Amino acid sequence: MAKITYKTPIVEMQGDEMTRILWDKIKQYLIEPFVELNVDYYDLGLVNRENTKDQVTIDAANAIKKYHVGVKCATITPNAQRVTEYNLSKMWLSPNGTIRAILDGTVFRAPVLANGIKPFVPGWKKPITVARHAYGDIYKNSELIVDSEATAFLKVEYKDGRVEEKKIADFNGKGVLQGVHNLDKSISSFARSCFNYALDVKQDLWFATKDTISKQYDHTFKDIFAEIFENEYKEKFEKAGITYMYTLIDDAVARIMRSEGGIVWALKNYDGDVMSDMVASAFGSLAMMTSVLVSPDGNYEYEAAHGTVTRHYYKYLKGEKTSTNPVATIFAWSGALRKRGESEDNKELIAFADKLEKATVGTIEAGYMTKDLTSLFSKEGVTVHALDSEEFLQAIASRM
Ligand code: NAP
Ligand code: MG
């Protein structure tokens with residue numbers, strides 16, 4: 001059988017620990033037998049980040065800008081313990097943070113569903129994608145403890161000399177104070193990423209804030225989304241048969257619980273932080289959660305939502321077999337290959353991505369899975385088999 005080929009390279013970013021081991025096996029068992037891989041390769045493993053003084057991360061991000069599609073393995077974000085463990089010259093920044101800053105994007109997280117793994121919310125039949133704005137609000141705040149009677153103000157000094165001031169509160173004793181901000185440019189690029197993603201997956205888009213209470217701040221988010229939708233996306237949405245809905249955050253939370261899923265849910269930074277953990281655990285497992293960074297000018301970076309699974313890696317180093325779940329990483333590859341297929345109108349490659357996902361989910365549905373899923377799985381007439389990572393990959397390969 002001739003292998004499937006494509007023209008433009010995909011940016012491949014190797015990572016760390018257990019996911020680094022799985023990465024090579026996924027390619028070996030599930031991709032290389034079928035696809036002639038054409039990649040621009042960057043080793044983002046911590047050893048190479050140290051050797052290149054983290055230049056490799058910047059190069060990889062720029063390569064994604066050039067080729068528009070990347071696939072990334074989980075990587076270690078160094079902390080003090082890692083500095084010692086890897087003998088680092090510096091506590092290098094999070095690669096995801098560096099890449100996000102260069103690509104200027106929004107992170108979309110969606111669960112992989114398998115029949116037999118029941119969501120904790122019984123009504124959820126289709127995936128819910130959380131789209132989290134990744135700039136500003138409380139994550140770039142300025143806080144103060146007020147230690148006695150005081151009056152606090154918001155003050156803006158414009159470059160043209162104007163000064164605007166507004167009272168926040170009179171403190172009649174101790175209290176706390178916080179200033180937050182966001183930028184129209186960042187909100188606009190967040191909105192466009194969400195509209196583009198919804199069109200891509202052909203699902204309705206919801207956006208929610210608390211604009212009834214926050215009449216300037218949250219209302220600006222609402223207005224920017226509305227304006228961009230009217231001017232740039234309304235017709236495209238109609239053509240695709242999908243809708244955009246704005247609603248209050250509390251209403252959205254209530255509606256999500258009653259929905260069937262199949263929605264892209266755009267959220268402000270804090271709401272997205274909280275709700276993505278709620279959605280991920282309600283669907284079953286972090287190891288089944290995919291993640292893609294989409295930038296407004298059309299760059300896509302696919303990865304798993306989980307980390308490098310350190311605990312399993314230390315077992316692996318002792319020579320033990322591990323039952324680490326490769327599903328989210330397999331879906332990172334299928335996502336990148338499908339996107340490349342779409343960009344080149346390569347039907348064979350798109351079909352391969354579909355088959356790879358189908359074989360992966362089908363293997364689980366037939367009762368063959370890694371240990372993290374066994375306690376979540378129940379399906380009448382199906383016996384559950386707990387496999388190690390390699391056996392699971394082989395089971396998917398033979399199904400393909
Ligand atoms: P983690 O790697 O996601 O693992 C936490 C625990 O979740 C694991 O010990 C395991 O539980 C379970 N788990 C996660 N993924 C799994 C999988 N695929 N299969 C089976 N079980 C899985 O998080 P962490 O231990 O907090 O972080 C480890 C390293 O990853 C850190 O250095 C961190 O910086 C990095 N990290 C990277 C990214 C990224 O690159 N996107 C994201 C998060 C964290 P059990 O041990 O109970 O089996
Ligand atoms: Mg969080």
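This chain uses plain numbering: 1 for the first residue, then up along the sequence. Whatever order the structure lists ligands and atoms in, that order sets their numbers, starting from 1. Owing to the predicted nature of the structure, the values given are computational and were not obtained by experimental measurement. Below, each value reflects all heavy atoms present in this structure, side chains not excepted, and no hydrogens, waters or symmetry copies.
Atom 24 (P) of ligand 1 lies below 4.0 Å from none of the non-hydrogen atoms of the protein. Distance check on atom 17 (C) of ligand 1: some protein heavy atom falls below the 4.0 Å cut-off. Using a 4.0 Å threshold on non-hydrogen atoms, atom 37 (C) of ligand 1 counts as touching the protein. Under the 4.0 Å distance rule, the nearest protein heavy atom to atom 28 (C) of ligand 1 falls inside the cut-off.
Of the N or O atoms in T75, one or more lie within a sub-3.5 Å distance of an N or O in ligand 1. Considering both main-chain and side-chain atoms, D372 never comes within under 3.5 Å of ligand 1 through any nitrogen or oxygen pair.
Atom numbering of ligand 1 starts at 1 in the shown order; those under 4.0 Å from a heavy atom of T310 are 28 (C), 29 (C). Residue contact check: A287 has heavy atoms under 4.0 Å from atoms 16 (C), 17 (C), 18 (N), 19 (N) of ligand 1. Within ligand 1, the atoms closer than 4.0 Å to a non-hydrogen atom of K72 are 40 (O), numbered from 1 in the order shown. The A74 neighbourhood of ligand 1 comprises atoms 40 (O), with distances under 4.0 Å to a heavy atom of that residue. Set against the non-hydrogen atoms of N96, the atoms of ligand 1 under 4.0 Å away are 39 (C), 40 (O), 41 (N). With ligand atoms numbered from 1 in the order given, ligand 1 contributes 17 (C), 18 (N), 19 (N) to contacts under 4.0 Å with heavy atoms of T324.
Across all non-hydrogen atoms, the minimal contact from D54 to T57 is OD1-OG1, 2.6 Å. Residues A266 and C194 approach most closely at CB-SG, 3.7 Å, considering heavy atoms. The minimum heavy-atom distance linking S285 with D372 is given by the pair OG-OD2, 3.8 Å.
Between F392 and Y368, the ring center distance fails the sub-6.0 Å criterion.
Closest protein heavy atom to atom 31 (C) of ligand 1: R82 NH2, 3.9 Å. When only non-hydrogen protein atoms are considered, atom 45 (P) of ligand 1 lies nearest to R311 NH2, 3.3 Å. Atom 1 (P) of ligand 1 has its closest protein heavy atom at G307 N, 3.6 Å. For atom 19 (N) of ligand 1, the closest heavy atom belonging to the protein is N325 N, 2.8 Å. For atom 34 (O) of ligand 1, the closest heavy atom belonging to the protein is T77 N, 2.9 Å. Nearest non-hydrogen protein atom to atom 14 (C) of ligand 1 is H306 CB, 4.0 Å. When hydrogens are left out, the protein atom nearest atom 30 (O) of ligand 1 is T308 N, 3.0 Å; that is the closest non-hydrogen contact.
The closest donor-acceptor contact from the side chain of E344 to the backbone of T8 lies under 3.5 Å. One N or O on the side chain of R20 and one on the backbone of G15 form a donor-acceptor pair closer than 3.5 Å. Judged by distance alone, with hydrogens and angles left aside, the side-chain atoms of K379 form a donor-acceptor pair with the main-chain N or O of E365 at under 3.5 Å.
Salt bridge annotation for E85-R82: present, with a cationic side-chain nitrogen under 4.0 angstrom from a carboxylate oxygen. Salt-bridge formation is detected for the pair D251/R255: a Lys NZ or Arg NE/NH1/NH2 atom is positioned less than 4.0 Å from an Asp or Glu carboxylate oxygen. Salt-bridge annotation for E232 and R192: present, with a side-chain N of the basic residue lying under 4.0 Å from a carboxylate O of the acidic one.
For the residues D16, L373, V309, the heavy atom positioned nearest atom 4 (O) of ligand 1 is part of V309.
At least one heavy atom of H312 sits less than 4.0 Å from an atom of ligand 1. Within the 4.0 Å heavy-atom shell around ligand 1 one does not find K371.
Of the residues L267, D273, V274, the one that meets the side chain to side chain contact (heavy atoms under 4.5 Å, CB included) test with R132 is D273.
Between Y197 and F108, the angle of the ring planes stays under 30°, which puts this pair in the parallel group of the 30/60° scheme.
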**OP:** For the pair F283 and W124, evaluate ring pair (Phe, Tyr, Trp, His ring centres under 6.0 Å) and give the outcome as yes or no after the intermediate values.
**Re:** CA-CA 8 Å; F283 270 113; W124 289 0; 4.9 Å; yes
